[in-house]
Amino acid sequence: MCITCGCQDHSDHHHDHKQPQQSIRLEQDILKINNRYAKANRSLLDAKNAVALNFVSSPGSGKTTLLEKTITGLIAKSLIYVIEGDQQTDIDANRIRKAGADAYQINTGKACHLDAHMVGHGFEHFDIKPNSLVFIENVGNLICPAMFDLGEHYRVALISTTEGEDKPLKYPDMFYHADVVVINKVDLLPYVDFDINRCIENIKKIRSKVMIFQTSAKDGFGINAWCDWLGNLVNNTNRVTV
Ligand SMILES: Nc1nc2c(ncn2[C@@H]2O[C@H](COP(=O)(O)OP(=O)(O)OP(=O)(O)O)[C@@H](O)[C@H]2O)c(=O)[nH]1
Ligand SMILES: [Mg+2]
């Protein structure tokens, strides 16, 4: 197989690369269909004045831990529903239920991201009440989830201090499409080679006006500011859409 374009020509690598054009066409079609489902998801949420946030990051940045802390901080004030996306297992949905919120687990199997169709079916498992918060934890992956609008109102990209401050530059799509970036695991800053100011500069090179929070989902640093921002969202009519 040609590693340049994935085609099945074994003879040499200097043939016309016609297949990428077909791949681009297929990708455009898939995204067009996805965007229709995303629009329907957003309409359903808007009709209930519910706010949805799509959490994206590399595996292990702390999405579920941040959600657990968020649920603890907000459950008395807001109704919270969580869609969990992982290739396999219901570990994360169980963690969320234990923290006190309704959760539905989607297993994507071979797929490396959630899409809007899956998420729409996920919503069918909830009786979403007005003015609630809907969190969608995407599959841990810094590439593919960037392309898929799920019908969220805000996209939240996490980066943790163990990943290196260069990640926003290396995976710009993910940060370009984020409305909010959470720099998590700040409790580890004394122990890791991570320049947080450089990281913020890098994020802003990709997305100059993005909102940035610094948190430790482990010890609770920054969680109050984060929960205050979330708590105000349900009453904010000037929402930014991705
Ligand atoms: N020190 C420290 N550890 C953290 C923090 N947040 C999460 N962790 C740890 O990091 C590991 C991964 O956390 P998860 O919340 O499962 O990460 P995730 O992004 O949900 O992972 P996937 O769903 O697999 O992509 C766990 O061992 C957490 O306890 C933090 O702020 N500080
Ligand atoms: Mg998780």
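Counting from 1, the numbers follow the sequence of the chain as shown. Indexing begins at 1, ligand by ligand and atom by atom, following the structure's order. Note: hydrogens, waters and symmetry copies are ignored here, and every other heavy atom, side chains too, is used.
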Checked the Mg ion (ligand 2): protein N, O or S atoms closer than 2.8 Å come out as T64 OG1, D92 OD2, E137 OE2
When only distance counts, is S58 in polar contact with ligand 1, meaning an N/O pair under 3.5 Å?
-> no
Got a list of side-chain donor-acceptor pairs under 3.5 Å for residues 77-84, not counting sequence neighbours?
residue : atom : partner : partner atom : Å
Y81     : OH   : D127    : O            : 3.0
Y81     : OH   : K129    : N            : 3.1

How close does the nearest protein non-hydrogen atom get to atom 3 (N) of ligand 1, and which residue and atom is it?
-> K185 CD, 4.0 Å
Can you tell which part of T65 has a heavy atom less than 4.0 Å from ligand 1: side chain, backbone, both or neither?
-> both
Counting only heavy atoms, which portion of Q87 has something under 4.0 Å from ligand 1: side chain, backbone, both, or neither?
-> neither
What protein heavy atom sits nearest atom 12 (C) of ligand 1, and how far off is it?
-> G60 O, 3.5 Å
Output a table of donor-acceptor pairs, distance under 3.5 Å, between side-chain atoms of residues 189-199 and any protein atom two or more places apart or on a different chain; print 'none' if there are none.
residue : atom : partner : partner atom : Å
D195    : OD1  : N197    : N            : 3.1
D195    : OD1  : R198    : N            : 3.1

Just jot down the ligand 1 atoms closer than 4.0 angstrom to any heavy atom of D86, in number order.
-> 23 (O)
Please say whether more than 12 non-hydrogen atoms of neighbouring residues, nucleotides or ligands are located less than 6.0 Å from CZ in F221.
-> no
Could you tell me whether ligand 1 has any atom less than 4.0 Å away from a heavy atom of E84?
-> no
For residues 30-40, tabulate all N or O donor-acceptor pairs below 3.5 Å that involve a side-chain atom, not counting sequence neighbours.
residue : atom : partner : partner atom : Å
N34     : OD1  : A116    : N            : 2.8
N34     : ND2  : D149    : O            : 2.9
N35     : ND2  : L31     : O            : 3.3

